[in-house]
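These notes concern the structure reproduced below.
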Protein chains: 2
Amino acid sequence: MDSERLAQVMQRAEALCRERGVRLTPQRRTVLELVCEAERPMSAYDILDLMRASVSNPAPPTVYRALDFLLEQGLVHKLESIHAFVGCSHPDHPHSSQFLICADCGDVNELEDPAIARSLRLAESASGFAPKRRVVELIGTCARCTGKDHE
Amino acid sequence: MDSERLAQVMQRAEALCRERGVRLTPQRRTVLELVCEAERPMSAYDILDLMRASVSNPAPPTVYRALDFLLEQGLVHKLESIHAFVGCSHPDHPHSSQFLICADCGDVNELEDPAIARSLRLAESASGFAPKRRVVELIGTCARCTGKDHE
DNA sequence: GACGGTTTTGTTATGTTATAACACAAAACG
DNA sequence: CGTTTTGTGTTATAACATAACAAAACCGTC
């Protein structure tokens with residue numbers, strides 16, 4: 001994410017938190033910035049390492065607490081299949097997205113596909129299941145890396 | 001899973017492995033039995049504990065290696081969102097299923113919903129993404145537990 | 001601006017999940 | 001048989017995550 005886009009995201013995050021009456025403290029802000037700046041999903045310990053630049057001697061709970069907050073606010077997502085975190089592409093509205101995770105280059109694409117969402121909702125109601133959270137992660141090879149294979 | 005059903009599953013697993021020319025060794029067999037006997041998803045360390053009954057002083061790699069094999073053969077599934085393993089409900093054909101995971105009772109329901117599968121495939125081809133693995137886990141409250149809430 | 005409750009942070013320790021590395025054993029196969 | 005491949009035992013450690021409790025910061029109100 002370039003610095004202009006990052007500034008937009010941070011401003012949006014500030015606004016959302018203000019609206020909701022929750023506190024985007026400096027630490028939470030730092031973690032959000034680090035996650036969004038990164039070109040790749042970041043593990044909690046990756047973030048922890050980067051925090052050493054701005055925080056003295058941070059410990060795991062520092063990062064996990066900030067991540068918990070950001071997850072609750074929908075500002076970041078957790079990728080369960082790779083134990084990593086990414087900034088949300090469209091934090092404005094609550095949503096459940098799908099992730100295309102390239103096993104070659106590590107790049108992640110966040111989708112919000114209405115057809116997938118619909119089919120999941122149908123299956124849920126058919127089973128009488130009340131979802132709280134949806135994890136949809138497709139792991140494979142992205143278009144770019146498939147191209148490279150042919151070179 | 002009752003013992004009759006378990007026997008069927010084990011027999012089916014034996015047959016599949018024979019067909020494929022892979023070895024369902026005693027350890028792998030034990031792990032498959034333990035996973036299938038369990039009413040709930042089992043963590044690797046849960047399995048490890050149960051193995052102490054039949055194997056002397058088993059170590060984590062013992063379990064993880066057996067699980068890797070069983071995952072490759074499609075005989076068990078890994079639930080990424082809860083770091084646990086379940087026996088496959090229909091190991092006969094390769095498939096990617098969806099899991100309804102009840103956060104209240106821990107029960108897991110494996111679906112093979114064609115509409116979900118179709119919508120995922122569509123999204124993949126629209127993105128030029130070649131999937132290797134699909135993780136679809138819905139975490140929430142199952143019908144039975146929703147009923148209990150009302151009592 | 002002092003108080004009391006609430007939320008956030010600091011800190012230490014520990015729990016849980018997963019793999020690396022290498023030696024040894026067993027099976028497969030000519 | 002001997003050799004190659006595959007599976008196992010063992011030790012150690014890496015990677016991911018949380019418990020528990022004390023201290024600090026924030027927030028409303030008197």
Side-chain angles (χ1 to χ4, degrees), chain A residues 13-14 17-18 20-32 34-35 40-52 54-73 75-86 103 106 133 135 137 139, chain B residues 13-14 17-32 34-35 40-52 54-73 75-86 106 133 135 137 139:
Chain A
E14 295 279 10
C17 289
R18 210 162 30 235
R20 294 172 186 170
V22 296
R23 286 158 56 194
L24 188 61
T25 63
Q27 291 208 7
R28 291 167 176 175
R29 202 174 203 289
T30 300
V31 170
L32 180 56
L34 291 172
V35 170
R40 299 276 170 269
M42 303 283 283
S43 80
Y45 282 75
D46 290 341
I47 298 165
L48 187 59
D49 286 341
L50 293 177
M51 281 190 84
R52 294 186 206 292
S54 54
V55 180
S56 86
N57 205 38
T62 301
V63 173
Y64 281 104
R65 288 195 280 229
L67 286 170
D68 285 346
F69 171 85
L70 297 169
L71 288 168
E72 270 174 26
Q73 299 306 319
L75 297 169
V76 307
H77 293 293
K78 179 171 191 179
L79 302 176
E80 294 288 352
S81 63
I82 58 174
H83 305 283
F85 300 84
V86 289
R133 188 170 161 234
V135 173
E137 300 176 15
I139 299 95
Chain B
E14 295 279 10
C17 289
R18 209 160 31 234
E19 278 172 32
R20 295 173 185 169
V22 296
R23 286 157 57 193
L24 188 60
T25 63
Q27 292 209 7
R28 292 167 174 174
R29 202 175 204 290
T30 301
V31 170
L32 180 57
L34 291 172
V35 170
R40 299 275 171 271
M42 303 282 282
S43 81
Y45 283 76
D46 290 341
I47 298 166
L48 187 58
D49 286 342
L50 293 178
M51 281 190 83
R52 294 186 206 292
S54 55
V55 180
S56 84
N57 206 38
T62 301
V63 174
Y64 280 103
R65 288 195 279 228
L67 286 171
D68 285 346
F69 171 85
L70 298 168
L71 288 168
E72 270 173 26
Q73 299 305 320
L75 297 168
V76 307
H77 294 293
K78 178 169 191 180
L79 302 176
E80 294 288 352
S81 62
I82 58 173
H83 304 283
F85 301 84
V86 290
R133 189 169 162 236
V135 173
E137 300 176 15
I139 299 96

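Computed from heavy atoms alone, side chains included, the values below leave out hydrogens, waters and symmetry copies.
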Indicate whether B:Tyr45 forms a stack on C:dT17; treat it as stacked only if centroid distance is below 5.5 angstrom and interplanar angle below 30 degrees. yes
Whole angstroms only, please: what is the CZ-P distance between B:Arg28 and D:dT6? 11 Å
What's the CE-P distance between A:Met42 and D:dA15, to the nearest Å? 15 Å
Pairwise distance CG(B:Leu50) to CE(B:Met42) - rounded to 0.5 angstrom: 4.5 Å
Of the non-hydrogen atoms in B:Ser54 and B:Thr30, which two are nearest, and what is the gap between them? OG-CG2, 3.7 Å
Output the single nucleotide from C:dA27, C:dA20, C:dA18 whose closest atom is nearest the side chain of B:Tyr64. C:dA18
Just the rounded figure in Å: distance from P of D:dG9 to CG of B:Asn57. 10 Å
Could you tell me the separation between the OH atom of A:Tyr64 and the CD1 atom of A:Ile47, rounded to the nearest 0.5 Å? 8.5 Å
Figure out the CG/P separation between B:Asp49 and C:dT16, and round it to whole Å. 10 Å
Rounded to the nearest Å, what distance is computed from the CG atom of residue A:Asp68 to the P atom of nucleotide D:dA19? 10 Å
Establish, with yes or no, whether the OP1 or OP2 oxygen of C:dT9 is under 4.0 angstrom from a side-chain nitrogen or oxygen of A:Thr62. no
How many whole angstroms separate atom CG of B:Leu79 from atom C1' of C:dT17? 15 Å
Taking only the side-chain nitrogens and oxygens of B:Arg65, find out if one of them lies under 4.0 Å from OP1 or OP2 of D:dG7. no
Among the nucleotides C:dT8, D:dC16, C:dT9, whichever has the atom closest to the side chain of A:Arg23 is C:dT8
Without decimals, in angstroms, what is the distance between A:Glu72 CD and C:dT7 P? 12 Å
Residue whose nearest DNA chain C nucleotide is more 5′ - A:Phe69 or A:Ala59: A:Phe69
May I ask you to say what A:Pro61 touches in the nucleic acid, namely base, sugar-phosphate or nothing, with a heavy-atom cut-off under 4.0 Å? base
Which nucleotide in C:dT17, D:dC16, D:dT8 has an atom nearest any side-chain atom of B:Thr25: D:dT8
Could you say whether A:Pro60 or B:Ala66 is positioned toward the 5' end of DNA chain D, judged by the nucleotide with the nearest heavy atom to each? B:Ala66
Using a cut-off of less than 4.0 Å, is there contact between a side-chain N or O of A:His83 and OP1 or OP2 of D:dA15? no
Should B:Arg133 and A:Glu137 count as an ion pair when the cut-off is N to O under 4.0 Å? no
Quick check for you: to the nearest 0.5 Å, what is the distance between B:Glu80 atom CD and A:Leu79 atom CG? 11.0 Å
Rounded to whole Å, please give me the gap between CG in B:Leu48 and P in D:dT8. 15 Å
Side-chain N or O of B:Lys78 less than 4.0 angstrom from OP1 or OP2 on C:dT17? no
